[in-house]
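Throughout, a chain's letter reflects where its sequence line sits, starting with A, and its residues are numbered from 1.
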Amino acid sequence: MSDKNHLYLVDGSSYIFRAYHRLPPLTNPQGVPVGAVYGYTTMLWKLAKDLHEADGPTHLAVILDHSSQSFRNEIYDQYKANRPDPPEDLVPQFPLIRHATRAFSLPCIEMENFEADDLIASYTEAAVREGWDVTIVSSDKDLMQLVREPDEGPRVDMLDTMKNVRLGVEAVHEKFGVGPELVGDILALMGDSVDNVPGVRGVGPKTATKLIVEYGDLEKALAGAETMKPSKLRDNLIEHADMARLSRILVDLKRDCPLPDALDALKLGAIPPAPLKVFLDEHGFRSLSAKLDNGASPGGPPTLPKATSAAAAEAPSTPALPAMPAIDRAAFECVTTLDALDRWIAEARAAHVVAVDTETASLDSVTGRLVGVSLATAPGRACYIPLGHGGTDMFAERPEQVDFDAALDRLRDLFADEAVLKVGHNLKYDIGVLAQHGVAIAPYDDTLVMSFALDAGKHGHGLDELARLHLDHVCLTFKEMCGTGKSQISFAEVPLDRATEYAAEDADVALRLWNLLKLRLPLEGGTRVYEMVDRPLVAVVESMERAGVMVDRDYLARLSGEFATEMQRIEAEIHKEAGQPFTIGSPKQLGEILFDKLGLKGGRKGKSGDWSTDQNELERLERDGVPIARLILEWRQLSKLKSTYTDALQAQINASTGRVHTSYSLVGAQTGRLSSTDPNLQNIPIRTEVGRQIRDAFVAAPGHLLLAADYSQIELRLAAHMADVPELKEAFAQGQDIHAATAIELFGEVNRDTRAKAKTVNFSILYGISRWGLAGRLEITPDEAQALISRYFERFPGISDYIRDTLEGAREHGYTETLFGRKTWFPRIKAANQNERQGSERAAINAPIQGTSADLIKRAMARMPAALAAAGLADVKMLLQVHDELVFEAPEALAEPAKEVIRGVMAGAAEPVLKLSVPLDIDIGTGKSWGDAH
DNA sequence: GATAACTCC
DNA sequence: AGTTCTGGAGTTATCC
């Protein structure tokens, strides 16, 4: 950070036009349109907040056009003559820009006869003469003439706050192909239809750049026209030379206007909150107002997190903090004696917080051998304790290290110390590794989970990514330590000095991130969901993973064999139908066989140019009476079941436990759902009879039963509650068939057909489907689908209100929220690209419902172990979660009593913070296998 | 590594 | 000018 003065000049007039087109048409409580003003206000907030940041403003002024007339009209009476009137709902926002600026106690400068651009140019000149840096907050191409980037001396750049990019000389070159000093010449040749700068007919940006680059400047290009070979361009240049010269004068910026305020008067300081508060409340800018109430004041210490506007969503969230020392890998200590270890442990106890990271020989927390532990006690204070480096056999060479057991004994006490908070990034992993050695970790904070609670949807949450975003630091990578592919080595083989740099850095970074994120949680409303749901869940989910689930290997092998035989039979039939052998598993070959060789009609091609052969397409062919289609579908199903389940699952059985240990990600789904990998136990087949057999491979241990408990219709229930639909709530309260009830509302009668349709509509609405999507699903026309949707909204007006309110909220704030306050961000909700935007809209409609459902089951999971223990059922183990279902393993005698405890915890998951207006019904079954338990 | 296909809620 | 074709996940296979 430099103590140099840095002047920010905000081009208010051009900003408001852009904001008007980019932001939704909000109105304030008085009904005045304020969308652009809101954008402007959040921009000022962000700019003022960056005071004291590197490259942030020390001085700031907003520059406005005084009127539509300026001295240029005297030079050329047609200047800006055919500019259209501003849109009707933008006009009342012009004066509000001045109000907003005054509310921030910032200088607002305008001057008769001069345009904002001229004042900006003049202030820039004056500041540069004083040796100040200048940032012009605008994306107006005319102002690019002012950019400068000398080897030494002041720098002038531009800042586009909407795209959050800074533009320097390089960007000018990119846009115009020449440096800033020649931009005026380019603009003069091009002309500008909006400002009615004539330019030369037939010359656009490309030709203008070509001419200036070739001849050197405007005058030389005009002079050179005479010698050009005859062309339309040559004629135009000669004919319009005078217009080009006039244009050059019009686009030139006046750099010596009188300055209404002296430079020093533009000094940026703490912004008095009182007038700002009045302004924010007057216009209903609630999120900013709340921030102000929370103590965040833009412009002066303390500087706190930025506004929760959609614009802010695109930038990384980095609150200003007391300065931390730079990350210095050379300062990390490699601990090789017990004395040194004791000193670090004492330091951690004194600090009452320690960041922890474990290194293992493989990436599996159940089998991964512990290789070392790193600790950090303060930013910049970190060490690595190697415990298992070197070869594993008795005679292998091992670098000097502390005694494994003695070190773990000492760490065990520290990690269980109630007075020392343990911080880690993805602690679930470290808890799992250390549990293998009888070491427990409590209390703890997890920066991965904290980041997710704050920024789900904004960016990833990996340690390296967060370090780049929040600490502007690039971490050493695992790849740099261990290599990749065949030559990859185990972390145990990494030399101690390198291992120390890598491992201690991770602990140091985690601790720094924790310092940032713990500050943001309460300010941004993330505390409740983090403390009540996600943080306690880390240990609960870890114990589920470690428990694993028993899988019957012989049974799977038998199924694999059956599937293989059946596949061979079908394969032969398919090849016979096709008249030649081919790879059925290749969609490309299959498409060619079906549509080129056999000449089947009605195929569609995807964007790769290949024929589509997906399930929809094959089912269509089947209906058209094409026998091969059915065979392919059957073959595909068996192939999927065999490769993904019956073969793969056998390989996933852990050799030492004899069980399958999945890994759950707490940050895997933007909505707050868990995800499951290695293997994914959340997509075990159930829909078809053949697939269902795989569920029978998941069995209870001898003397035990599996118990499966699932929420019935949870998302529809939550939709009925959240959108406040009396008819649906009533139907749920009376335990009615909800799809049948919907069918009555939609079609006036219930039969198989109308119920199935109603069910489709119910789910489709939750997913924000369009009429075209529904039409495809129900095989009706888009018009009929639209009629159905309209009728649904008419019958359940709460649903259409919910959708409207959810989308408005997402556009205004950039995020949606669950009933428990979990945020999901939608940075693309205002994307110019329609597909992207509508995709975000559908996701935003669904996220509060799916996310609330995820919150509920997670709350149930977090409470479950204690509830079971309190009922004397500590031997009942929670094993699996499948979004609305929990699977337990219970000693046979405990299965019945466990049912009631589990039902109680699940049904009461919303309480006490929330009273739902619909009951939560739980279906519970038991059996020797997962299949039986359903 | 990308794409298409399929599995689940 | 012309299109819009349900949300959230993970794994396997083929092909480049």
Side-chain angles (χ1 to χ4, degrees), chain A residues 456-457 582-591 604 606-618 632-633 635-645 647-649 651-652 662-665 667-688 690-692 694-695 710-716 719 760-782 785-786 789 816 824 826 833-851 853-854 857 880-885:
Chain A
F582 66 100
T583 311
I584 303 171
S586 163
K588 191 179 161 72
Q589 290 185 37
L590 176 62
R604 23 181 204 104
K607 60 176 168 215
S608 61
D610 294 336
W611 294 102
S612 167
T613 65
D614 66 13
Q615 196 158 351
N616 276 338
E617 201 61 24
L618 291 171
I632 293 162
L633 284 168
W635 185 90
R636 282 234 181 108
Q637 182 185 24
L638 292 171
S639 162
K640 181 73 181 179
L641 293 176
K642 182 168 185 297
S643 65
T644 310
Y645 301 107
D647 289 351
L649 268 177
Q652 296 274 5
T662 183
S663 174
Y664 289 103
S665 170
V667 303
Q670 314 292 358
T671 54
R673 272 191 181 178
L674 303 187
S675 68
S676 158
T677 57
D678 307 308
N680 181 354
L681 295 186
Q682 291 182 322
N683 69 348
I684 303 299
I686 191 165
R687 260 181 40 253
T688 66
V690 193
R692 208 184 258 272
I694 292 169
R695 293 230 164 189
D710 67 82
Y711 284 107
S712 156
Q713 309 274 27
I714 179 95
E715 292 196 4
L716 271 177
T760 300
V761 177
N762 270 333
F763 284 115
S764 302
I765 296 284
L766 296 188
Y767 297 153
I769 201 178
S770 68
R771 69 187 113 141
W772 296 277
L774 186 62
R777 283 242 118 185
L778 290 177
E779 294 179 315
I780 56 179
T781 69
Q786 181 58 56
I789 292 172
T816 61
T824 302
F826 294 91
N833 179 305
Q834 188 177 224
N835 280 337
E836 231 179 336
R837 188 177 62 249
Q838 290 180 339
S840 285
E841 287 173 356
R842 289 191 293 269
I845 290 169
N846 181 246
I849 297 168
Q850 187 183 119
S853 159
I857 195 165
L880 305 175
Q881 190 253 41
V882 193
H883 309 308
D884 64 357
E885 173 185 9

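Every side chain to side chain donor-acceptor pair (under 3.5 Å) that A:T781 has, sequence neighbours left out, goes to A:E784. Residues forming a side chain to side chain donor-acceptor pair (under 3.5 Å) with A:N683 (at least two apart in sequence, or on another chain): A:Y645. Legend: residues meeting side-chain contact (heavy atoms from CB on, under 4.5 Å) with A:P587, ordered by chain and number and at least two apart, are A:T613. Scanning for side-chain contact (heavy atoms from CB on, under 4.5 Å) contacts around A:S712 gives A:R717, A:D921, A:D923, with sequence neighbours left out. Remark: A:D647 engages A:K642 in a salt bridge (charged side-chain N to carboxylate O under 4.0 Å, His left out) (not counting sequence neighbours). Remark: A:S676 pairs with A:T662, A:Y664, A:N680, A:L681, A:Q682 by the side-chain contact (heavy atoms from CB on, under 4.5 Å) rule, at least two apart or across chains.
The nucleotide whose nearest atom lies closest to any side-chain atom of A:S612 is, among B:dA5, B:dT7, B:dC8, B:dA5. When each of C:dT4, C:dG7, B:dC8 is scored by its nearest atom to the side-chain atoms of A:R687, the top-ranked nucleotide is B:dC8.
Put simply, A:Q615 has a side-chain N or O that comes within less than 4.0 Å of OP1 or OP2 on B:dT7. Side-chain nitrogen and oxygen atoms of A:R842 include at least one within less than 4.0 Å of the OP1 or OP2 phosphate oxygen of C:dC5.
When the C1' atom is used for both B:dA5 and C:dT4, the distance is 24 Å, rounded to whole Å. Distance check on atom C1': C:dT3 versus B:dC6 gives 28 Å, rounded to whole Å.
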| field | Under the 3.5 Å Watson-Crick or G-U criterion, the dot-bracket string of DNA chain C, with | for inter-strand pairs | value | ......|||||||||.

| task | Starting at the 5' end of nucleotides 11-16 of chain C, put B wherever the base has a protein heavy atom under 4.0 Å, S where only the sugar-phosphate does, and a dash everywhere else. | result | BSSSSS

Under 3.5 Å donor-acceptor pairs involving side-chain atoms of residues 840-847 of chain A, not counting sequence neighbours:
from	atom 1	to	atom 2	distance (Å)
A:S840	OG	A:E836	O	3.4
A:E841	OE2	A:R811	NH1	3.2
A:N846	OD1	A:Q850	NE2	3.0
A:N846	ND2	A:L766	O	3.4

